[in-house]
Amino acid sequence: MTRTTQQWQAADSAHHLHPFTDFKSLAAKGSRVITRGENIYLWDSEGHQILDAMSGLWCVNLGYGRQELIDAATHQLKTLPFYNSFFQTTTPPAIELAELLAEVTPPQFKHVFFSGSGSEGNDTVVRLVRRYWDLMGKPKRDVIISRHNAYHGSTMAGASLGGMSGMHSQGGLPIPGIVHIQQPFWFEQGQGHTRDEFGVIAARWLEEKILAVGADRVAAFIGEPVQGAGGVIVPPDTYWPEIQRICDQYGILLVSDEVICGFGRTGRWFGCETFGFRPDLMTFAKGVTSGYIPLGGVMVGDRVARTMIDKGGEFAHGYTYSGHPVACAVGIASIRVLQREGLVDRVHDELGPHLAWHFSELADHPLVGEAQTCGMMGALQLVRDKATNAVFDPTLEVGMVCRGHCFANGLIMRAVGDRMIVAPPLVMTIGQLDEMAALIRRCLDLTLDALTRRGWV
Ligand SMILES: *Cc1c(COP(=O)(O)O)cnc(C)c1O
């Protein structure tokens with residue numbers, strides 16, 4: 001920590017290519033150097049304190065500096081920093097985490113396949129789904145249906161499952177056998193219908209796609225219970241039950257990408273429990289270790305696990321770091337904190353409702369056309385005209401203007417287009433939530449002033 005901010009920035013832009021970044025424009029302005037974290041706050045190299053309303057990248061659910069997690073990693077690093085689980089070997093942390101995951105996930109899940117990240121977990125999903133149908137004697141059932149504006153990671157399979165057009169256009173994606181339907185985004189596509197009506201309409205797009213592809217060709221449907229990176233898009237309550245009905249009717253595997261929604265974010269242990277559906281496979285990552293160390297995986301439900309175990313033979317797939325003992329030790333410690341502190345119930349009973357109340361107040365702001373929350377995640381849709389919900393010209397990048405005011409005022413809030421989103425740590429106090437909401441209102445006011453001065457509203 002002996003360098004100045006300018007020295008850090010110079011070395012960063014000389015050697016470091018950041019993810020999802022325009023390298024040239026970042027080099028021109030220099031990146032912000034984050035040097036320290038404690039509880040829900042971060043500090044940058046200039047000494048500014050910042051309230052981290054995004055939990056890092058949807059992952060530091062227990063806040064920074066948790067001694068239990070540091071101790072778990074330190075102990076495991078000293079005892080056995082690495083051994084693999086390829087050669088008919090295993091390690092105690094991998095076993096114990098597998099056992100604990102079977103305990104906290106819905107009852108159909110008794111098995112886990114570990115990966116190093118959410119993207120890798122979704123690659124594993126593609127391998128498992130296709131292997132399952134091969135073993136069932138239906139190798140032609142290889143098409144996976146996903147949704148536009150979904151985020152399932154950044155590897156070749158993850159980006160293909162995802163529905164981000166900007167990602168597909170770089171690298172010839174999606175890979176074959178992955179198709180997309182529209183997302184259940186009421187604000188954009190459902191106006192004229194009630195939310196509940198629209199939920200059923202959006203779910204039926206899955207049925208239409210199944211019939212178009214051919215029911216005997218469709219292997220699985222994958223979705224995030226609440227789309228996270230797509231802008232915290234909370235589906236109508238009617239959506240997932242109808243998706244479940246359709247998957248059941250056509251015998252299609254249902255995959256829940258719980259990388260963000262898992263481990264309490266929505267007020268239940270997993271998002272599928274909040275929205276009332278029963279997945280066959282479930283991807284997790286991020287919150288499993290509270291982001292302290294990389295870990296991901298796939299929960300494999302009985303339907304797929306029994307087939308893979310009973311008639312699968314060797315499954316030719318795995319990662320060096322599948323079941324990494326240090327990562328698993330931190331995973332165990334994180335789940336123990338969630339259990340001991342009753343954080344999932346706390347999100348459900350106390351924090352989630354308080355965030356929802358604050359967002360319903362923020363919905364009165366002249367710039368806000370829609371305010372939505374689910375547990376400890378929320379979105380504010382910025383609009384040009386509140387009366388008609390007319391949106392801004394996207395080239396104005398109004399969301400980025402707002403995000404700039406947030407950064408300058410000690411708040412990390414993310415912009416997805418003109419949708420401002422938060423996913424605060426699950427350990428926040430009510431007082432800290434109040435502090436966050438006051439900062440958000442102040443930044444909305446500053447944004448409105450700036451837009452008014454430019455004549456954009
Ligand atoms: C972040 C994310 C991923 C990808 O996880 P990585 O660890 O970045 O590979 C996959 N799915 C969802 C829903 C995510 O939010």
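Both counts, for ligands and for their atoms, begin at 1 and track the order of listing. Keep in mind it's a predicted model, so treat the numbers as computed, not measured.
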### Task
Going by heavy-atom distance to atom 5 (O) of ligand 1, choose the closest among G118, G228, G271.
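It is G118 whose heavy atom sits nearest to atom 5 (O) of ligand 1.
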Which residue owns the protein heavy atom closest to [atom], what's the atom, and how far is it?
atom	result
atom 12 (C) of ligand 1	Y151 O, 3.4 Å
atom 9 (O) of ligand 1	S119 OG, 2.5 Å
atom 11 (N) of ligand 1	D257 OD2, 2.7 Å

Verify the ring-centre separation between [Y] and [X]: is it less than 6.0 angstrom?
X	Y	result
F263	F270	yes
H148	H168	no
Y319	H324	no

### Query
Counting heavy atoms only, which part of W58 comes closer than 4.0 Å to ligand 1: side chain, backbone, both or neither?
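It is neither part, as no heavy atom is under 4.0 Å.
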### Query
Is ligand 1 under 4.0 Å from a heavy atom in the side chain of H152, in the backbone, in both, or in neither?
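Backbone only.
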Considering the heavy atoms of [X], write down every atom of ligand 1 situated less than 4.0 Å from one of them.
X	answer
E224	13 (C)
I260	15 (O)
S117	7 (O), 9 (O)

### Task
Using the side chain to side chain contact (heavy atoms under 4.5 Å, CB included) rule, pick out the option among V422, V427, L426 that qualifies with P424.
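Only match with P424 under side chain to side chain contact (heavy atoms under 4.5 Å, CB included): V422.
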### Query
When L253 is tested against each of D280, V218, V125 for side chain to side chain contact (heavy atoms under 4.5 Å, CB included), which residue passes?
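Looking at D280, V218, V125, the match for L253 under the side chain to side chain contact (heavy atoms under 4.5 Å, CB included) is D280.
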### Query
K286 to ligand 1: N or O pair under 3.5 Å?
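K286 vs ligand 1: N/O contact under 3.5 Å present.
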### Query
Are Y321 and L295 side-chain neighbours, meaning at least one heavy-atom pair lies under 4.5 Å?
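No. Closest side-chain heavy atoms not under 4.5 Å.
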### Task
Over 60° means perpendicular and under 30° means parallel, so classify the ring planes of H354 and H358, tilted if in between.
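Rings of H358 and H354: perpendicular, over 60°.
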